[in-house]
**Student:** 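Have a look at the structure that comes next, please.
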Amino acid sequence: MGLIEEAKRYIVGGVNSPVRAFKSVGGEPPFIERGEGQYIFDTEGKRYLDFIQSWGPLIFGHRDPDIEKAIIEAVQKGVSFGAPTRVEIELAKEVLELFPHLDLIRFVNSGTEATMSAIRLGRAFSKKDDILKFEGCYHGHSDSLLVQAGSGAATFGTPSSPGIPADFTKHTYLAKYNDIASVKKAFEEGDIGVVIIEPIAGNMGLVPADATFLQELRLLCNKYGAVLIFDEVMSGFRASLRGSYDIYKIEADIVTFGKVIGGGMPVGALAGRKEIMELLSPEGPVYQAGTLSGNPVAMSAGLATIKKLKKNPEIYKTLEERARRLVEGMNLIAKEYNLPFSYNFVGSMFGFFFTPQTPKNFDDVNNADIQLYAQFHNKMLKEGFYFAPSAYETGFIATPFTEKNIQETIETFQKIAPELKPTKNFSTSKGEEKKEKSPEETSKTPATSGE
Ligand SMILES: *Cc1c(COP(=O)(O)O)cnc(C)c1O
């Protein structure tokens with residue numbers, strides 16, 4: 001009996017987060033025993049080059065000695081007190097120092113908690129109930145954020161999961177990523193008090209926003225008195241040291257963090273302008289709390305990570321160079337074998353799509369050959385390359401990755417490419433295939449992209 005079968009007897013679906021079950025790519029997930037640098041090893045001792053890195057947090061790879069040391073030292077002082085500790089101040093200072101527009105921070109235990117609390121705070125500040133999110137952006141699994149496009153002309157969403165009352169999501173409006181007209185429409189129809197967006201979307205593959213789109217979004221929020229939340233749970237400290245801020249220079253009212261900020265331990269955070277953040281309890285009336293929030297072991301891992309990033313800001317150039325080499329190399333192979341392919345990369349994040357035009361929004365992403373991704377995933381996994389088990393995820397490069405690792409990955413893609421069988425035809429323009437935009441029509445973003 002495989003471990004997944006045994007796990008299923010005790011744990012729902014055998015996993016504690018659904019994507020790990022490999023449902024969208026098929027096959028059985030390897031159970032991981034240990035990690036070292038850029039590699040993970042499963043229970044059979046098989047080694048994989050790990051392009052997931054715990055879904056982003058491990059920017060220095062597995063078992064970074066500085067982070068490991070910080071965790072061990074913290075554990076030796078006691079794992080939790082539920083009382084204030086000095087390390088919380090230190091991490092808060094290190095993070096806030098990076099952002100002139102963020103005055104105060106609150107630490108929580110996950111990205112889900114950070115965005116949920118940020119929305120509550122934004123509603124309290126704007127004194128409006130309606131919020132706006134974008135199709136294809138993921139902000140964790142809280143009720144009001146699990147929405148999909150409703151039927152007909154309605155711009156507000158319907159629950160994307162059973163168990164969420166439609167009453168909860170009727171306040172959540174949906175707009176199209178990189179499409180400012182859809183944002184204007186939502187502002188006209190709803191009484192929007194909060195807008196939440198991944199400025200560098202990483203949960204529909206990697207789709208960076210156009211700079212002009214984000215600028216207009218900021219102006220619309222100002223015009224309508226809406227609080228703008230940048231969800232940088234994934235892009236924070238990943239796309240660059242300051243996440244989207246280094247790239248777009250746009251100041252959100254609240255920024256949410258997660259993943260890298262905890263260095264592999266469960267940490268999330270929301271930070272913002274003083275007059276907004278001061279509404280949070282105990283300073284203000286907006287309730288928010290957590291038994292393990294600001295946990296000293298987790299804070300120590302985060303502090304060691306952020307300090308190391310600030311001490312070595314040049315790593316982002318190297319990481320982006322590796323990401324670029326990877327997707328450009330794969331693109332050449334794809335062209336050679338007539339596979340539809342496009343890609344994006346920003347700092348240590350990369351994404352590729354089995355569709356010829358680089359996606360700008362969720363519809364474009366859905367138009368890709370998802371079946372082809374599953375084939376790619378299975379074959380690469382067998383060869384020892386651990387890519388995300390879903391076409392809707394971002395890939396991550398960590399500092400231990402070498403030029404040789406990238407070269408090996410490209411060579412392995414070349415080896416398996418002849419066996420890949422596309423299931424969609426992009427060359428015809430009839431039937432259900434959408435008309436593709438010409439490259440001239442798609443405005444360029446400051447983040448690099450190509451096809
Ligand atoms: C991962 C992620 C979340 C959710 O974080 P969890 O720690 O999994 O709850 C929220 N927003 C974005 C952009 C994410 O990538």
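For ligands, and for the atoms within them, numbers begin at 1 and follow the listed sequence. Just so you know, these numbers use all the heavy atoms, side chains as well, and skip hydrogens, waters and symmetry mates.
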**Student:** Number the atoms of ligand 1 from 1 as they appear, then name those within less than 4.0 Å of a heavy atom of Ser110, with their elements.
**Tutor:** 7 (O), 9 (O)

**Student:** Honestly, is Arg324 close enough over Phe345, meaning NZ or CZ under 6.0 Å from the six-membered ring centre and within 45° of the axis?
**Tutor:** no

**Student:** List in chain and number order the residues that pass side-chain contact (heavy atoms from CB on, under 4.5 Å) with His101, two or more places apart in sequence or in another chain; answer none if no residue qualifies.
**Tutor:** Phe99, Tyr245, Glu251, Val255

**Student:** Between the side chain of Ser281 and the main-chain N/O of Val286, is any donor-acceptor distance below 3.5 Å?
**Tutor:** yes

**Student:** Mind checking whether Tyr138 has an N or O less than 3.5 Å away from an N or O of ligand 1?
**Tutor:** yes

**Student:** Could you tell me whether His139 approaches ligand 1 through its side chain, its backbone, both or neither, with non-hydrogen atoms closer than 4.0 Å?
**Tutor:** backbone

**Student:** Return the orientation label for the Phe213 and Phe134 ring planes: parallel under 30°, perpendicular over 60°, tilted otherwise.
**Tutor:** perpendicular

**Student:** With heavy atoms of Asp231 as the reference, note each atom of ligand 1 found under 4.0 Å away.
**Tutor:** 10 (C), 11 (N), 12 (C), 13 (C)

**Student:** Note the single closest protein heavy atom to atom 3 (C) of ligand 1, along with its residue, its atom name and the distance in Å.
**Tutor:** Val233 CG1, 3.7 Å

**Student:** Would you say the side-chain atoms of Asn361 and Glu135 include a donor-acceptor pair closer than 3.5 Å?
**Tutor:** no

**Student:** Under 4.0 angstrom from atom 8 (O) of ligand 1, is there any protein heavy atom?
**Tutor:** no

**Student:** Between Thr256 and ligand 1, find which residue part has any heavy-atom pair under 4.0 Å and reply side chain, backbone, both or neither.
**Tutor:** neither

**Student:** Provide the number and element of each atom of ligand 1 under 4.0 Å from a heavy atom of Glu198.
**Tutor:** 13 (C)

**Student:** Pick one of side chain, backbone, both or neither for how Lys259 approaches ligand 1, counting any non-hydrogen atom pair under 4.0 Å.
**Tutor:** side chain

**Student:** Need the ligand 1 atom indices (1-based, order shown) with element for anything under 4.0 Å from a heavy-atom of Gly111.
**Tutor:** 4 (C), 5 (O), 6 (P), 7 (O), 9 (O)

**Student:** Between Glu278 and Lys274, is a salt bridge (Lys or Arg N to Asp or Glu O under 4.0 Å) present by the stated rule, with each step listed?
**Tutor:** CA-CA 6 Å; Glu278 278 184 347; Lys274 194 168 187 284; 2.9 Å; yes

**Student:** Are a donor atom and an acceptor atom from the side chains of Arg106 and Gln288 found within less than 3.5 Å of each other?
**Tutor:** yes

**Student:** Is Arg322 close enough and on-axis enough to Phe401, meaning under 6.0 Å and within 45°, for cation-pi?
**Tutor:** no

**Student:** Which heavy atom of the protein is the closest neighbour of atom 4 (C) of ligand 1, given with residue, atom name and distance?
**Tutor:** Thr112 N, 3.7 Å

